[in-house]
Amino acid sequence: MQPSLQKQNRYGWIDVAKGIAIILVVYRHVFEGLSRANLGTESFPILEDANIMFFSFRMPLFFMISGIFVASSLAKRGIGWFAFNKTGTILYPFLLWGCLQITLQFIMSKYTNADRSWISYFDLLVRPRRIDQFWYLYALFNVSMLFALLSHWFKLKAWQHVLLGVVLYAASGAITVYHIETGFVYDILHYYIFMALGSWIAQYIFRPEVEVWVKKTWVLLLLLPLFLYANYQFLMINNSHGSANHIEYYQPALYFIIAEIGGIFMLILSMQLNGTSVGKLFASIGRYSLQIYVMHVLVASLVRTVFSKIIGYTYVPALLFVCITLGMVIPMLVASIAQKKNWHWIFQWSFEKKPSTKMAVQ
């Protein structure tokens, strides 16, 4: 086996984890869209329960995945390349697709659930939580850059990043308890710990002896009851308070424990699925996680509108399935076409200088 193929197989579980996480993200946003459209989602409580349970770990999982490679990327390429890379691959699509989504929702306000105005462009940068799914990309960019700068300036080790993350996470808890408006700063404080933990986990998870251990079926089975119990408690407590966000906002210590249990379980599950037929399916989706993330709300909204307002079909389970499926498949097709046509600017911007024709011939 060639070294590049060996490396791809070894790290393939990262794409599996991304695939699982992005499916859960699309599920939530599609379900919330159906709910805001008043299509009768309350008649299907099991779908709402699933929506709440998935909410417990899916975003922390994304930050943990990013944290796994952040330190090695910095060490290999340096702070300059890291900053330009994150600007082109995270900040650029955030701004491009965020502005595009706001504009389309503003123009098509008669057919969408979103209440958009010119102030929404300001909110995208200052209060991104008000702009649907785009807060995550802004938070990922800010957390990544803060992690990189602190590593570069103060040479912080992984455990020191974790300690700092605990302090920042505690601050984010105080912000929600006392209802302090901090805009995008809250997400930096809240999610830094998960990227730091990903960086710390990376020190051990790629060791051959650890890889062998975590790929044993009994390890996953041992964690399964804990994973199910944690998410059951997340569901029950949130439901008792009538909010999917109660634990995250008002019991942050418990949320952190549940999120970590879910994140670690999913990482181990991804490692065990890697190379299987199911794992290959998740990985194929995970490789397009960014494209799906920036496009799925627009696509799902269009599909929902066509079915509910033009065709007149409103059966929630079927709409949920169709919107989720097309919300992933269409962005993947667009990304494939963009790659073949060399339209990379649609999803990312490269700051690397391309060789001239003369240099290419030489």
Check your understanding: Do L39 and S308 pass the side-chain contact (heavy atoms from CB on, under 4.5 Å) test, and can you show the C-alpha distance, the side-chain angles, and the key distance before you say yes or no?
Key -> CA-CA 8 Å; L39 296 179; S308 63; 4.1 Å; yes
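- Residues I201 and M64 meet the side-chain proximity criterion, which asks for heavy atoms closer than 4.5 Å.
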Check your understanding: Hey, mind stepping through L96 and L100 against side-chain contact (heavy atoms from CB on, under 4.5 Å) and telling me if it holds?
Key -> CA-CA 6 Å; L96 176 64; L100 176 61; 5.8 Å; no
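- Side-chain N or O atoms of Y192 include none that pairs as donor or acceptor with a backbone N or O of H161 at under 3.5 Å.
- Because its NZ or CZ atom is not both nearer than 6.0 Å to the ring centre of F184 and within 45° of the ring axis, R127 does not count as a cation-pi partner of that residue.
- Pairing each heavy atom of Q272 with each of K215, the nearest pair is NE2-C, 3.6 Å.
- Checked by atom type and distance alone, the side chain of S66 pairs as donor or acceptor with a backbone atom of F62 at under 3.5 Å.
- Placement of M266 and L221 in two distinct hydrophobic clusters is found when ILVMFWY residues are connected by side-chain heavy-atom separations under 4.5 Å, directly or transitively.
- Not one N or O on the side chain of N274 forms a donor-acceptor pair closer than 3.5 Å with the backbone of S270.
- Annotation: Y136 is in aromatic contact with F63 [ring centroid separation under 6.0 Å].
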Between side-chain atoms of residues 102-109 and protein atoms elsewhere (two or more places apart, or another chain), which donor-acceptor pairs fall under 3.5 Å?
residue : atom : partner : partner atom : Å
T103    : OG1  : C99     : O            : 2.7
T103    : OG1  : Y121    : OH           : 2.6
Q105    : OE1  : R116    : NE           : 2.7
Q105    : OE1  : R116    : NH2          : 3.4
Q105    : NE2  : D132    : OD2          : 2.9

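- Residues Y169 and V167 fall into different hydrophobic clusters, defined by Ile, Leu, Val, Met, Phe, Trp and Tyr side chains chained together at heavy-atom separations under 4.5 Å.
- Considering only heavy atoms from C-beta on, F206 comes within 4.5 Å of Y11 through its side chain.
- For I46, the CD1 atom sits in a loose shell: 12 or fewer heavy atoms of surrounding residues, nucleotides or ligands are nearer than 6.0 Å.
- Between Q133 and Q101, the closest side-chain pair of non-hydrogen atoms falls below 4.5 Å.
- A distance of 6.0 Å or more separates the ring centres of W343 and F347.
- When all heavy atoms of T176 and Y250 are compared, the closest pair comes out as O-CE2, 3.9 Å.
- Summarising the local packing, CZ of F69 is surrounded by more than 12 heavy atoms from other residues, nucleotides or ligands at distances under 6.0 Å.
- Across I346 and W97, no two heavy atoms sit closer than the pair O-NE1, 2.8 Å.
- Residue K18 forms a side chain to side chain contact (heavy atoms under 4.5 Å, CB included) with just one option from I20, I14, I22, and that option is I14.
- Contact check on D187 versus R129 returns a salt bridge, with a Lys/Arg side-chain nitrogen under 4.0 Å from an Asp/Glu carboxylate oxygen.
- By the criterion of side-chain heavy atoms lying less than 4.5 angstrom apart, applied directly or through intervening Ile, Leu, Val, Met, Phe, Trp or Tyr residues, V219 is not grouped with V212; the two fall into different hydrophobic clusters.
- Ring-plane geometry between H29 and Y293 is classed as perpendicular, the angle between the planes exceeding 60 degrees on a 0 to 90 degree scale with a lower cut at 30.
- Follow the hydrophobic side-chain contacts under 4.5 Å out from L149 and you reach L156 in the same cluster.
- Contact record, C323 with V303: SG-CG1, 3.8 Å, taken as the closest heavy-atom pair.
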Point to revise | Steps toward side-chain contact (heavy atoms from CB on, under 4.5 Å) verdict (M59, W135) | key: CA-CA 11 Å; M59 300 318 297; W135 69 268; 4.0 Å; yes
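- In this structure, T182 contributes its side chain and V185 its backbone to no donor-acceptor pair below 3.5 Å.
- No donor-acceptor distance shorter than 3.5 angstrom exists from the side chain of N51 to the backbone of E32, with no hydrogens or angles considered.
- Ring-centre distance between F265 and F227: below the 6.0 Å cut-off.
- Heavy-atom contacts from other residues, nucleotides or ligands closer than 6.0 Å to NZ of K155 number more than 12.
- Relative ring orientation between W218 and W213 is described as perpendicular, the plane-to-plane angle rising above 60° on a 0-90° scale split at 30° and 60°.
- Side chain of N85 to main chain of W81: no donor-acceptor pair is present (N/O by atom type, distance under 3.5 Å, no hydrogens or angles).
- The shortest distance between side-chain heavy atoms of F194 and V143 does not fall below 4.5 Å.
- Between L319 and T314, the shortest heavy-atom contact is CD1-CA, 3.7 Å.
- Nearest heavy atom pair, residue L189 against residue A171, reads CD1-CB, 4.3 Å.
- Looking at heavy atoms from C-beta onward, R304 lies out of side-chain contact with F307 at the 4.5 angstrom threshold.
- Note: F44 and Y315 meet the aromatic proximity criterion, with ring centroids under 6.0 Å apart.
- V297 and F54 fall into different hydrophobic clusters, where Ile, Leu, Val, Met, Phe, Trp and Tyr side chains are chained together by heavy-atom contacts under 4.5 Å.
- Using modelled atom types, one side-chain atom of E181 and one backbone atom of G183 make a donor-acceptor pair closer than 3.5 Å.
- Here the side chain of D15 pairs no donor or acceptor atom with the backbone of A283 at under 3.5 angstrom.
- Under a 3.5 Å cut-off, the side chain of R28 and the backbone N or O of L24 do not form any donor-acceptor pair.
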Exercise for review: Would you check, one step at a time, whether the test side-chain contact (heavy atoms from CB on, under 4.5 Å) holds for Y255 with N245?
Suggested key: CA-CA 10 Å; Y255 176 78; N245 304 104; over 6 Å; no
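- For H344 and N342, the side-chain atoms include at least one donor-acceptor pair closer than 3.5 Å.
- With a 4.5 Å cut-off on side-chain heavy atoms, Y27 and L320 count as touching.
- In this structure a side-chain-to-backbone donor-acceptor pair under 3.5 Å is missing from N142 to I188.
- Y186 is not listed as a side-chain neighbour of Y191, based on a closest heavy-atom distance of 4.5 Å or more.
- Summarising the local packing, NZ of K309 is surrounded by more than 12 heavy atoms from other residues, nucleotides or ligands at distances under 6.0 Å.
- Side-chain contact between F57 and I258 is absent, with no heavy-atom pair separated by less than 4.5 Å.
- By the neighbour-count criterion of 12 heavy atoms within 6.0 Å, atom CD of Q203 is densely surrounded, having more than that number from other residues, nucleotides or ligands.
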